[in-house]
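Residue numbers run from 1 in the order of the sequence given.
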Amino acid sequence: MTAGVPAELAARLSALTPEQLDLLRARLREQAPRAQARLTPGQERLWRAHHTAAGRPVDVVCQAVRLTGTPVDLDLLADRVQGFVRAHDALRTTFREHDGVVRPVVHEDLPPRLVRTRCPAGPEQAHALAREMAYEPFDLAEGPLLRVALAEGAAPEEAWLLVVVHNLVFDAWSFELLLDELARDPAVPAPATRPFGRFALDQAESAAGPQGRAAARFWADELADAPPPPATDRPRGQAPPGAGGRVDFTLPGAVARGIAEAARGSAATAYAGWAAVAWATLAESGGRPDVLLGTFTANRDGPDAQQTVGYLLNVLPLRLRDPGDGTWAARIRAAHTASKRGLRHASYPGELITAEHRLPGLHPLFDVAFVFDGPAGTRTAHGAVVSTYDVDKGVARYGLTIAVHPAPEGVSGWIEYDTGLYDRSTVARLAERFTALAAQASGAAGRAPREADR
């Protein structure tokens, strides 16, 4: 800590105890400028993807929020959106490139693009407008990177909030914080916020320290001799990545309850239960038990980070390789053990993980991702019922993404695929097999997956 400082100051620093040095470092961190000096590893990946995906909104959040049951004051919502931007530095950030180096620039004032409109034709019209907003190119150097449309619906008791924002400054947790702010009782003060710049500095310090070095070793070991990615209908690296399609699927509520029960019986989570189904599907399709998935963590274990808006999301490998005796119970336990094993190192940026083999495309480590969203409670805002929709933009972040959304009334989900790599018929067969194995797993924890069910 004394390198490059005057001799007198160096002597005073050298006289401090380790505890005093830790206190000094903490105080200096708190007094550091809020602005980031550089991109986080996650933002660097997003920057590259933005310039690789041929203008497609691959890393753009596109959400449609429907408010029903009572008239909603759209002026109040507009004020809340603008206040939310003023409170969070990430949403006032743009990105400038100079001599090959990209730097974030935090502005004192950078209002969102906020428009008022009407969507009398219902969800189709609202979703189409959101897609249109997402496909309009983002100027990362000038901003703003948040676009919001507030729309009257087909009746006075219906309104729409369309949120389109670049992932460089926003993630799924940030969207939940925005919804919380829109629904906040005016008599309740807004929660204290923490600048994204503070998170970026803390992340860089942790990754460079002993904890980061231990995590780097763990992840390198985890990816040693990793399996190849799934076979595709067309060679990788020939078509520009990012063009996508989706194959939707549904399952009855009994399947969601059955898998949750099977997971509890194996002392595991519902996430592990559904990850086991994805594992079985891909292992069967690829003809090998060793499967590598990308999975997502909110990266907000610290209490301070829970009120931070920005791209904190971490994308990490989930290596699934030993299904034990092959029964569903054993496979679920193995999936739970594998996911739990990585939790100790879940804050280490996935972009810093080294691996022997790198893949073409938008992510270098893996080409199949797994998304699990647990059942969400009913959300209201000023008396209106809030329903959210992840709008299909016709893009693909990975070769394949299996997304599962279980709820008491049933399971909805989709497999998103890169149309440059896969035919729709291939993915449709994969979705059929996934749903068949999910139904089987929900009632047969003690039995192995049956090929005869095809």
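- Note: L312 CG to D301 CG = 11.0 Å, rounded to the nearest 0.5 Å.
- Between E261 and R264, at least one side-chain nitrogen of the basic residue sits less than 4.0 Å from a carboxylate oxygen of the acidic one, meeting the salt-bridge criterion.
- By the salt bridge (charged side-chain N to carboxylate O under 4.0 Å, His left out) test, R333 is found to be paired with no residue, residues two or more places apart in sequence or in another chain being considered.
- When all heavy atoms are compared, the tightest approach of G350 to N314 is N-OD1, 3.0 Å.
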Worksheet item: Which is it for W47 and L140 under the side-chain contact (heavy atoms from CB on, under 4.5 Å) test, yes or no, and what are the steps along the way?
Response: CA-CA 9 Å; W47 174 270; L140 301 183; 3.5 Å; yes
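- Atoms CZ and CD, on R45 and E351 in that order, are 4.5 Å from each other to the nearest 0.5 Å.
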Could you go through residues 226-234 and list every donor-acceptor pair under 3.5 Å that involves a side-chain atom there, pairing it with any protein atom two or more places apart or in another chain?
residue, atom, partner, partner atom, Å
T232, OG1, R234, O, 2.5
D233, OD1, T426, OG1, 3.2
D233, OD2, D423, N, 2.7
D233, OD2, T426, OG1, 2.8
R234, NE, G420, O, 3.2
R234, NH1, D423, OD1, 2.7
R234, NH2, T419, O, 3.0
R234, NH2, Y422, O, 3.0
R234, NH2, D423, OD1, 3.2

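- Every residue two or more places apart in sequence or in another chain was checked for a ring-ring contact (aromatic ring centres under 6.0 Å, His included) with Y311, and none qualifies.
- Side-chain contact check for V371 versus F296: some heavy-atom pair is nearer than 4.5 Å.
- Among residues at least two apart or in separate chains, salt bridge (Lys or Arg N to Asp or Glu O under 4.0 Å) pairs with a member in residues 405-422 are R246-E416.
- For the atom pair W173 CH2 and L178 CG, the distance stands at 15.0 Å (nearest 0.5 Å).
- With sequence neighbours excluded, no residue forms a salt bridge (charged side-chain N to carboxylate O under 4.0 Å, His left out) with R131.
- Note on residues 155-169: pairs passing side chain to side chain donor-acceptor pair (under 3.5 Å), not counting sequence neighbours, are H50-H166, R66-E158, N167-R397.
- Contacts classified as salt bridge (Lys or Arg N to Asp or Glu O under 4.0 Å) and involving residues 168-179 (residues at least two apart or in different chains) are given here: D171-R300, E176-R379.
- Aromatic rings from F370 and Y271 are positioned such that their centres are separated by under 6.0 Å.
- R198 has a carboxylate O that lies under 4.0 Å from a charged side-chain N of D202, or vice versa, which qualifies the two as a salt bridge.
- A heavy-atom distance below 4.5 Å is found between the side chains of L316 and I353.
- For R424, there are no salt bridge (charged side-chain N to carboxylate O under 4.0 Å, His left out) partners two or more places apart in sequence or in a different chain.
- Two residues are said to be in side-chain contact when any heavy atoms from C-beta on lie closer than 4.5 Å; F170 and L177 fail this criterion.
- Inter-residue side-chain proximity for L145 and T93 is flagged as unmet; no heavy-atom pair is nearer than 4.5 Å.
- The ring-ring contact (aromatic ring centres under 6.0 Å, His included) check on H127 picks up Y389, with sequence neighbours excluded.
- With sequence neighbours left out, Y348 forms a ring-ring contact (aromatic ring centres under 6.0 Å, His included) with no residue at all.
- Few gaps surround CZ on R116; more than 12 heavy atoms of other groups in view lie less than 6.0 Å from it.
- Taking the side chain as every heavy atom from C-beta outward, V427 and L400 approach each other to under 4.5 Å.
- By the salt bridge (charged side-chain N to carboxylate O under 4.0 Å, His left out) test, R257 pairs with no residue at all, sequence neighbours left out.
- Nearest heavy atom pair, residue F249 against residue A403, reads CZ-O, 3.6 Å.
- For Y135, there are no ring-ring contact (aromatic ring centres under 6.0 Å, His included) partners, not counting sequence neighbours.
- Between H405 and W414, the ring planes are tilted. Angles from 30° to 60° get that label.
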